[in-house]
Amino acid sequence: MGDITNLAGVIRVHGEAQGDKTALILGDQSVSWSELRARSAQVAQGLLAAGVGQQERVAFLDKNGFEHFEVMFGAAMINAVCVDVNWRLAAPEVEFIVNDTEARVLVVGPDFVPILDAIADNLTHVTTVLVIGGHERFRDYEEWITTFDPIDPGIDSKLDDVAFQLYSSGTTGRPKGVMLTTANFFSLLPMAKDLWELTPDSVNLVAMPLFHIAGGGWAVAGMYEGCTSIIFRDLDPVELVATIAEHRVTHALLVPVALQFVLLVPGVEDADFSSLQVMVYVASPISEDVLSKCVELFKPCKFWQAYGLTETTGGVVNLPPEDHDPDSANKHRLRSCGVPGPKVELRIVGDEGVDCETGAVGEIWVRSPQVMKGYWNMPEATAEAITEDGWFKTGDAGYVDADGYVYIHDRVKDMIVSGGENVYPAEVENVLMAHPGVADVAVIGVPHDKWGETAKAIVVKAPDAEVSAADIITYARERLAGYKCPTSVDWADALPRNPSGKILKKDLREPF
């Protein structure tokens, strides 16, 4: 695949070499590589006509669909940058991001017309608004695209040019535009091929939101190989199970909570998962209980865990399939996220900027060709995140064991300090998830007169479970040091999560 050196190359090469092959499937619709190339070229011409220049941003607000790829590749064909906006955000947050990108063109899907109507008059740079499915005030995307000829402008991007701009979830302050370059992506793509065994014959499941690195990045990894991708607009576990069998899906990337839901699908143990070869799970810790059940259910599928951030173009630490045997002597490795990937250097750094000893918890720092160019229009935040010699500070707390395996303890700021002892919620959550009465759980720190703060478990009960707060606390005490155990339990119908499946701890802590 030596002739694909940038994002536009993916659609140019496969559109030419295997035009008749199916590129994308969504529900009962499909599009071939040559059709996708032609549509992308029409978008490229349309963007040029709208005055979009090289390295300028184009904003896109819709759920997963063919249009995402048309706009992404169309922008790439003129060396512009498609910015997928998190569609779960409220109108003021969408407005902030679209204005922050300085995009001239905004493409909006039918579900988000109410947001568009709320923000349209406050957009500072947008001169062209296109609505998929039409709008009384703005141009219909389909009508717009058909006015342009499918001629590839043939503009190329360089290694240091931005290929993707994704916005971090903004758990601290305003969302930051993460600039990922062609070089960032093309240091990741060969790894995806080698580690995850993606080939032109793969059938790749793209179920995570495309505005997230786990969605957009995973989709590009498969398309780089020229395989067929199955897209989900919304993740429905029942449909997911049926789709894997129907389309003979070989590769999938899911977040742990999605795997949790798959296990709950009625009759899942009788479903046909024989086509599955590789399952990658990302974005948040998985409980050993959920993992061992999935390994058993999808046998002989290989499981990979990937740890990374938007800022590292996704996975930089990987737990390989051989460490996913719940019965092995190295079972403890299931709690780790694996070992640093190819070309990835990793340090655990303590308070004084000094490297921690083996087994000691500190902040995880990463240096790799996958580390972002920086935050868009935020030089101070970039300088704070990346040292002069290229180390990116992840904000995650963890340690490395004697065998070089990395264990994530938590976001540094989610750590609970109880009576001077550090408590990492992920560790407590992992224990409580194995309780038969617990379907989901989050652990947060709440103020305590004596200890400063203690752990509180917020529990979603398993269907029909009879379980009390005392049961939960006793269960924890039998398995954890006393200072780590929850001193109180609250009940919830569901836990608040961001689009990547991470529990929104700050929302849970707010009332306390």
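Hydrogens, waters and symmetry mates play no part in the numbers below; they use all other heavy atoms, side chains included. The structure displayed is predicted, hence computed values, not measured ones.
Taking a cutoff of 4.0 Å between a charged side-chain nitrogen and a carboxylate oxygen, E225 and K193 qualify as a salt bridge. Under 4.0 Å is where a charged nitrogen must lie from a carboxylate oxygen, and between K331 and D327 no such pair does. With salt bridges taken as basic N to acidic carboxylate O contacts below 4.0 Å, none links R335 and E429. We find that D272 and R248 are joined by a salt bridge, their nearest charged nitrogen and carboxylate oxygen being less than 4.0 Å apart.
Separating the CG atom in L116 from the CG atom in D111 is a distance of 13.0 Å, to the nearest 0.5 Å. Within the model, atoms NZ of K393 and CZ of R347 stand 10.0 Å from one another, a figure rounded to the nearest 0.5 Å. Atom CG of N64 is separated from atom NE2 of H212 by 12.0 Å, given to the nearest 0.5 angstrom. To the nearest 0.5 Å, atom OG of residue S292 and atom CG of residue L334 are 8.0 Å apart. Rounding to the nearest 0.5 angstrom, the gap separating the CZ atom in F66 from the CD atom in Q29 is 5.5 Å. Distance check, rounded to the nearest 0.5 Å: SG of C301 to CG of L276 gives 4.5 Å.
Around atom CD of E466, no more than 12 heavy atoms belonging to other residues, nucleotides or ligands sit under 6.0 Å away. Counting non-hydrogen atoms of neighbouring residues, nucleotides and ligands closer than 6.0 angstrom, the CG atom of D234 exceeds 12 such neighbours. Remark: K293 NZ is loosely packed, at most 12 non-hydrogen atoms of other residues, nucleotides or ligands lying under 6.0 Å away. Heavy-atom contacts from other residues, nucleotides or ligands closer than 6.0 Å to CZ of F392 number more than 12.
A pairwise comparison of heavy atoms in C337 and V317 identifies O-CG1, 3.3 Å as the closest pair. Nearest heavy atom pair, residue S229 against residue V206, reads CB-CG2, 4.0 Å. In terms of heavy-atom proximity, I458 sits nearest to I444 at CD1-CD1, 3.8 Å. Scanning all heavy atoms of the two residues, the minimum distance from V316 to G308 falls at CG2-CA, 4.1 Å. S168 approaches P175 most closely through the heavy-atom pair O-CB, 3.7 Å. Taking all atoms of both residues into account, the shortest heavy-atom contact from G222 to L198 is N-CD1, 4.1 Å.
Between the side chains of H68 and D62, no donor-acceptor pair is found at a separation under 3.5 Å. Between the side chains of E384 and Y375, not a single donor N or O lies within less than 3.5 Å of an accepting N or O. Side chain to side chain, S328 and R333 fail the donor-acceptor criterion of an N or O pair below 3.5 Å. Between the side chains of Y307 and D396, at least one donor N or O sits under 3.5 Å from an acceptor N or O.
Side-chain atoms of Q370 come within 3.5 Å of backbone N or O of G315 as a donor-acceptor pair. At distances below 3.5 Å, at least one donor-acceptor pair connects side-chain atoms of T474 with backbone N or O atoms of A470. Under the 3.5 Å distance criterion, the side-chain polar atoms of Q165 are left unmatched by any main-chain donor or acceptor of M179. Side chain of T358 to main chain of A402: no donor-acceptor pair is present (N/O by atom type, distance under 3.5 Å, no hydrogens or angles). With hydrogens and angles ignored, the 3.5 Å screen pairs no side-chain donor or acceptor of N204 with any backbone N or O of T228. Within the 3.5 Å criterion, the main-chain N or O of E197 finds a donor-acceptor partner in the side chain of H251. For the pair D403 (side chain) and Y405 (backbone), a donor-acceptor distance under 3.5 Å is absent. Side-chain atoms of D401 come within 3.5 Å of backbone atoms of G404 as a donor-acceptor pair (strictly under, hydrogens ignored). The closest donor-acceptor contact from the side chain of H247 to the backbone of V203 lies at 3.5 Å or more, if one exists at all. Remark: side-chain polar atoms of E93 are not paired, donor with acceptor, to backbone N or O of N86 under 3.5 angstrom.
Looking at heavy atoms from C-beta onward, N318 lies in side-chain contact with M191 at the 4.5 angstrom threshold. Under the 4.5 Å side-chain criterion, counting only non-hydrogen atoms from C-beta, V241 is in contact with F273. A heavy-atom distance below 4.5 Å is found between the side chains of L24 and F69. In this structure the side chain of M372 never reaches within 4.5 angstrom of the side chain of T312, judged on heavy atoms. Between D323 and P320 the shortest side-chain heavy-atom distance falls below 4.5 Å. Looking at heavy atoms from C-beta onward, V349 lies in side-chain contact with D355 at the 4.5 angstrom threshold. Residues V107 and L61 are not in side-chain contact: their nearest non-hydrogen atoms beyond the backbone lie 4.5 Å or more apart. Between V371 and I386 the shortest side-chain heavy-atom distance falls below 4.5 Å.
Taking the centre and axis of the six-membered ring of W376, the NZ or CZ atom of K176 falls outside the cone set by 45° and 6.0 Å. Cation-pi geometry between R477 and Y475 is not satisfied (NZ or CZ under 6.0 Å from the ring centre, within 45° of the ring normal).
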Exercise. Take V344 and V366, measure what side-chain contact (heavy atoms from CB on, under 4.5 Å) needs, and give me the verdict at the end.
Key: CA-CA 7 Å; V344 174; V366 171; 4.0 Å; yes
Practice problem: Step by step, work out the side-chain contact (heavy atoms from CB on, under 4.5 Å) result for W218 and V280. | Solution: CA-CA 10 Å; W218 177 252; V280 182; 3.9 Å; yes
Self-check item: Audit row: D84, Y167, side-chain hydrogen bond (donor to acceptor under 3.5 Å, both in side chains) steps and yes/no
Solution: CA-CA 8 Å; D84 277 75; Y167 277 76; over 6 Å; no
Practice problem: Run the numbers on F298 and V262 for side-chain contact (heavy atoms from CB on, under 4.5 Å), then give the verdict. | Solution: CA-CA 11 Å; F298 297 141; V262 165; 4.1 Å; yes
Exercise. Mind running side-chain contact (heavy atoms from CB on, under 4.5 Å) on T250 and V278 for me, showing each step along the way?
Key: CA-CA 7 Å; T250 61; V278 174; over 6 Å; no
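Under the side chain to side chain donor-acceptor pair (under 3.5 Å) criterion, T454 pairs with T487, not counting sequence neighbours. For the side chain to side chain donor-acceptor pair (under 3.5 Å) test, residues two or more places apart in sequence or in another chain that qualify with N184 are T181. Taking the salt bridge (Lys or Arg N to Asp or Glu O under 4.0 Å) definition, one finds that D270 meets it with nothing, sequence neighbours left out.
Tested against D490 for a salt bridge (Lys or Arg N to Asp or Glu O under 4.0 Å), the candidates K461, K456, R509 yield a single pass: K456. When each of L188, L189, L7 is tested with Y224 by the rule side-chain contact (heavy atoms from CB on, under 4.5 Å), just one qualifies, namely L189. The one candidate from V460, V459, L504, D507 that meets the side-chain contact (heavy atoms from CB on, under 4.5 Å) condition with L495 is V460.
Taking the six-membered ring for Trp, H324 and Y281 have ring centres closer than 6.0 Å.
The aromatic rings of F211 and W87 stand perpendicular to each other, their planes meeting at an angle above 60°, with 30° marking the opposite boundary.
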